[in-house]
Protein chains: 2
Amino acid sequence: MSELISGKSLHGHLDTMVLAVLDKADGHGFDVWRRLESEGQGGLKLKEGSLYPALYRLEKAGLVSARWEDNETKRRGPRRRIYKITRKGKRQLEKGREEWEHFVNVVGRVVGAPA
Amino acid sequence: MSELISGKSLHGHLDTMVLAVLDKADGHGFDVWRRLESEGQGGLKLKEGSLYPALYRLEKAGLVSARWEDNETKRRGPRRRIYKITRKGKRQLEKGREEWEHFVNVVGRVVGAPA
DNA sequence: CCCTATTATTTAGAAAGACTGGGTAGTGTG
DNA sequence: CACACTACCCAGTCTTTCTAAATAATAGGG
């Protein structure tokens, strides 16, 4: 009966999650969104309105690069923007993973076990 | 070399941490602050300007109750406001702990291990 | 050939939570 | 009496996410 993860509790960890997803393979925004949802095994509830700004943020910070895909293949929809993690992004991802571990340890220690 | 936990990454988990601390023993704001810092074993960096609003939030939500301490004992400083977790707060703490577990599982799965 | 469903991107505005950087107050100690 | 120490309080700001759309492009059905 756990609530879906969204909003406040996600704060600041989304960027690392996006980098982790893009580290496995390049992808466009919608793709990243679907992969986040599937890797989160349904426990993650993310809005496009949160994801795209996150991608812009990462691009602006030089952690991912982006290019427009040539729409040669026959498919529906507008041109897609393909994101790729940069070397700087990979370093940040490592740092983000360390921060995540640290965060889990410290907060977990305070929150503690149920009685 | 982990960064101290503060700001964005804390978002939404502070309330549960405060409830967890108050579940062990009642305490005034400054006390809660010191106990958070000590239980976080130096890994936590929290400002009073963040803690007190959190306490008001919890009080307003009926998760903690507060009373002014009679300043009988000889000590320095102004009157202290003693916070105590309520029954509703205890239920919320349990829920918060479940949410924390869930959060760690889901985000951890996405963030994954360093290669 | 239009209409709709699907895929994908974009954005404006609001809300929430924590931060910065102070200030106020009371009392023991030198 | 000045000062350090303890404790509390607050205004304004920043960042991140959410809400709630609009827009774009095309395949496929009728």
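To find a chain, count down the sequence lines: A is the first, B the second, and so on, and within it residues start at 1. What's counted below: heavy atoms across the whole structure, side chains too, no hydrogens, waters or symmetry copies.
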Quiz item: Which one of His28(B), Arg80(B), Arg79(B) satisfies the side-chain hydrogen bond (donor to acceptor under 3.5 Å, both in side chains) criterion with Glu69(B)?
Solution: Arg80(B)
Counting heavy atoms from C-beta on, name the nucleotide in [options] closest to the side chain of [X].
{"X": "Leu14(B)", "options": "dT17(D), dT26(D), dA18(C)", "value": "dA18(C)"}
{"X": "Pro78(B)", "options": "dC18(D), dA25(C), dG28(D)", "value": "dA25(C)"}
{"X": "Tyr52(A)", "options": "dA18(C), dT10(C), dA7(D)", "value": "dT10(C)"}
{"X": "Glu48(B)", "options": "dC8(D), dT7(C), dT11(C)", "value": "dC8(D)"}
{"X": "Tyr56(B)", "options": "dC10(D), dA8(C), dT17(D)", "value": "dC10(D)"}
{"X": "His28(A)", "options": "dT9(C), dC18(D), dT17(D)", "value": "dT9(C)"}
{"X": "His11(A)", "options": "dT15(D), dC8(D), dC18(D)", "value": "dT15(D)"}

Integer-rounded Å distance: [N] [atom2] and [X] [atom1]:
{"X": "Tyr83(B)", "N": "dA7(D)", "atom1": "OH", "atom2": "C1'", "answer": "11 Å"}
{"X": "Arg79(A)", "N": "dT6(C)", "atom1": "CZ", "atom2": "C1'", "answer": "19 Å"}
{"X": "Leu46(B)", "N": "dG17(C)", "atom1": "CG", "atom2": "P", "answer": "15 Å"}
{"X": "His13(B)", "N": "dT17(D)", "atom1": "NE2", "atom2": "C1'", "answer": "13 Å"}
{"X": "Arg57(B)", "N": "dC9(D)", "atom1": "CZ", "atom2": "C1'", "answer": "15 Å"}
{"X": "Asp31(A)", "N": "dA8(C)", "atom1": "CG", "atom2": "P", "answer": "8 Å"}
{"X": "Trp33(B)", "N": "dC9(D)", "atom1": "CH2", "atom2": "P", "answer": "16 Å"}
{"X": "Glu59(A)", "N": "dT10(C)", "atom1": "CD", "atom2": "C1'", "answer": "14 Å"}

[X] side chain N/O closer than 4.0 Å to the phosphate oxygens (OP1, OP2) of [N]?
{"X": "Lys47(B)", "N": "dA18(C)", "result": "no"}
{"X": "Arg76(A)", "N": "dA24(D)", "result": "no"}
{"X": "Arg34(A)", "N": "dT7(C)", "result": "no"}
{"X": "Arg81(B)", "N": "dC8(D)", "result": "no"}

Quiz item: Can Ile82(A) be reached from Val32(A) by stepping across I, L, V, M, F, W or Y side chains whose heavy atoms are under 4.5 Å apart?
Solution: no
Self-check item: Worked verdict on Leu63(A) versus Asp15(A) for side chain to side chain contact (heavy atoms under 4.5 Å, CB included)
Solution: CA-CA 10 Å; Leu63(A) 304 176; Asp15(A) 290 18; over 6 Å; no
Quiz item: Stepwise, does the side chain to side chain contact (heavy atoms under 4.5 Å, CB included) test hold for Glu99(A) with Thr16(A)?
Solution: CA-CA 10 Å; Glu99(A) 280 169 11; Thr16(A) 301; 5.7 Å; no
Practice problem: Determine, using ring centers only, whether Phe103(A) and Trp100(B) are less than 6.0 Å apart. | Solution: yes
Practice problem: Could you check whether Gly49(A) gets within reach of a base, just the sugar-phosphate, or nothing at all, counting any heavy atom under 4.0 Å? | Solution: base
